[in-house]
Trainee: 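Can you keep this structure in mind? I'll have questions shortly.
Below, read A as the first sequence line, B as the second, and so on, with proteins coming before strands; counting in each chain starts at 1.
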Protein chains: 2
Amino acid sequence: MTAPAVSSRDLPHPGREEIRLEAVLHALSDRMRLRIVRELAADGDELSCSQFDLPVTKSTTTHHFRVLREAGVVRQVYRGTAKMNGLRKDDLDDLFPGLLDAVLDSAARESRRLRDG
Amino acid sequence: MTAPAVSSRDLPHPGREEIRLEAVLHALSDRMRLRIVRELAADGDELSCSQFDLPVTKSTTTHHFRVLREAGVVRQVYRGTAKMNGLRKDDLDDLFPGLLDAVLDSAARESRRLRDG
DNA sequence: CGACTCGTACGATAGTCATCGTAGTACGTC
DNA sequence: GACGTACTACGATGACTATCGTACGAGTCG
């Protein structure tokens, strides 16, 4: 196939207006999920779930991606058997300007600080 | 008394280096606590617990203030029978530049958006 | 079709959490 | 000392959650 063809099974996402700050903060307040979001932000989007090497089982990974999707942080689309994940940076930046960048920057600072002592 | 005199009972606070991003985000991802933080930021600091008119009981209010304190978001000091609360803006801004302001701004935007339709 | 990969659904479990009510402590004032 | 105020401690409870394992569905490739 030339065009990867988005699968027919599509996943429920909140609309831009339905995204809530508390839900976003809650989604980001978990180690695993913050790690996922940081990788997504660093690697550009469109990463499949299996490209994340998380220290948890597949079921747990599925759970975390669902939390992120339902909070409006990521957008997920099936492409064949793979489920691609993209950060909803446009929506988040529109609703909460500077928030995502501040969180990502804070996370980077903290991990640098903890690593370098 | 001229000097309000800080009480001898003092409360455990995390040091600046002990503050963790996840804990801060978790602390801010609750309706009541975000509301408390917004009021603290708006009114300047040094507000007593009882000045907050939250739709929960006193025990629950105590609980939320403790979560905020243990996450490093607020600093609490007894002054007589009152427990004064101040935002640790200096520490947070140093560790996570722009984060607190982004969250506060996001919260203000969201409440405006929800109010005005 | 059959085998394989990717991800889901479901059930279980152990842990955390927001909330409450009651009883109690610390402090200031009379 | 007695009273009132401000907040806490403790126990309970119901809800949610992070985690797992197993069994299943959807898609791709031989």
Trainee: Within this structure, what is the NE2-to-P distance between B:H26 and D:dC16, rounded to whole angstrom?
Mentor: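 Going from NE2 in B:H26 over to P in D:dC16 covers 14 Å.
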Trainee: Measure CD/A:Q51 against C1'/C:dC6 and give the value in whole Å, please.
Mentor: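 Atom-to-atom, A:Q51 to C:dC6, this comes out as 12 Å.
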Trainee: Output the rounded distance in Å from CZ (A:F52) to C1' (C:dC6).
Mentor: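 The answer, rounded to whole Å, is 15 Å.
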Trainee: Within the distance-only criterion (no hydrogens, no angle test), does the side chain of B:R75 pair as donor or acceptor with the backbone N or O of B:R88 below 3.5 angstrom?
Mentor: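 Looks like no, no N/O pair under 3.5 Å.
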Trainee: I'd like to know if the side chain of B:N85 reaches the main chain of B:L47, judged simply by a donor and an acceptor atom lying under 3.5 Å from each other, with no hydrogens or angles considered.
Mentor: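 Flag set: sc B:N85 to bb B:L47 pair under 3.5 Å.
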Trainee: Quick one: A:L47 CG to C:dC6 C1', roughly how many Å, whole number?
Mentor: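 Result: 15 Å.
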Trainee: Rounded to whole angstrom units, what separation is found between the CZ atom of B:R79 and the C1' atom of D:dC7?
Mentor: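 Rounded to the whole Å, the gap is 16 Å.
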Trainee: For the atom pair CD1 (A:I19) and CZ (A:F96), what is the distance rounded to the nearest 0.5 Å?
Mentor: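 Between A:I19 CD1 and A:F96 CZ, I get 7.0 Å after rounding to 0.5 Å.
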Trainee: Is the shortest side-chain N/O distance from A:S50 to OP1 or OP2 of C:dT5 below 4.0 Å?
Mentor: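 For C:dT5, OP1/OP2 do not have a side-chain N/O of A:S50 under 4.0 Å.
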Trainee: Distance check needed: C:dT16 C1' versus B:E22 CD, whole Å only.
Mentor: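 Answer to the nearest Å: 15 Å.
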Trainee: Do A:H13 side-chain atoms and A:Q76 backbone N/O form a donor-acceptor pair below 3.5 Å?
Mentor: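 Yes; judged by distance alone, with no hydrogens or angles, the pair exists.
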Trainee: Please answer whether the main-chain N or O of A:F65 pairs with a side-chain N or O of A:R33 as donor and acceptor at a distance below 3.5 Å.
Mentor: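 A pair under 3.5 Å: no.
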Trainee: May I ask you to list the residues of residues 55-71 of chain B, by number, that have any heavy atom positioned under 4.0 Å from an atom of DNA chain C?
Mentor: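 Those residues whose heavy atoms fall under 4.0 Å from DNA chain C, taken from residues 55-71 of chain B in numerical order, are B:V56, B:T57, B:S59, B:T60, B:H63, B:H64.
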Trainee: Here's a test of your reading of the structure: between A:T81 and A:M32, which maps to the more 5' nucleotide of DNA chain D?
Mentor: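 First, find each residue's nearest nucleotide; the 5'-ward one identifies A:M32.
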Trainee: With sequence neighbours excluded, what pairs up with A:D90 under the salt bridge (charged side-chain N to carboxylate O under 4.0 Å, His left out) test?
Mentor: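 Scan of A:D90 (salt bridge (charged side-chain N to carboxylate O under 4.0 Å, His left out), adjacent residues dropped) gives none.
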Trainee: How many Å lie between CD on A:Q76 and C1' on C:dC6, as a whole number?
Mentor: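 To the nearest whole Å, that distance equals 13 Å.
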Trainee: Under 4.0 Å: is that the gap between some side-chain N or O of B:R33 and OP1 or OP2 of C:dA18?
Mentor: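 B:R33 to C:dA18 OP1/OP2: side-chain N or O found under 4.0 Å.
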Trainee: Which donor-acceptor pairs under 3.5 Å do the side chains of residues 110-117 of chain B make with protein atoms, sequence neighbours left out?
Mentor:
{"unit_1": "B:E110", "atom_1": "OE1", "unit_2": "A:L21", "atom_2": "N", "d": "2.8"}
{"unit_1": "B:S111", "atom_1": "OG", "unit_2": "B:A108", "atom_2": "O", "d": "3.2"}
{"unit_1": "B:R113", "atom_1": "NH1", "unit_2": "A:E17", "atom_2": "O", "d": "3.3"}

Trainee: Quick one: B:D30 CG to C:dA18 P, roughly how many Å, whole number?
Mentor: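 B:D30 atom CG is separated from C:dA18 atom P by 5 Å.
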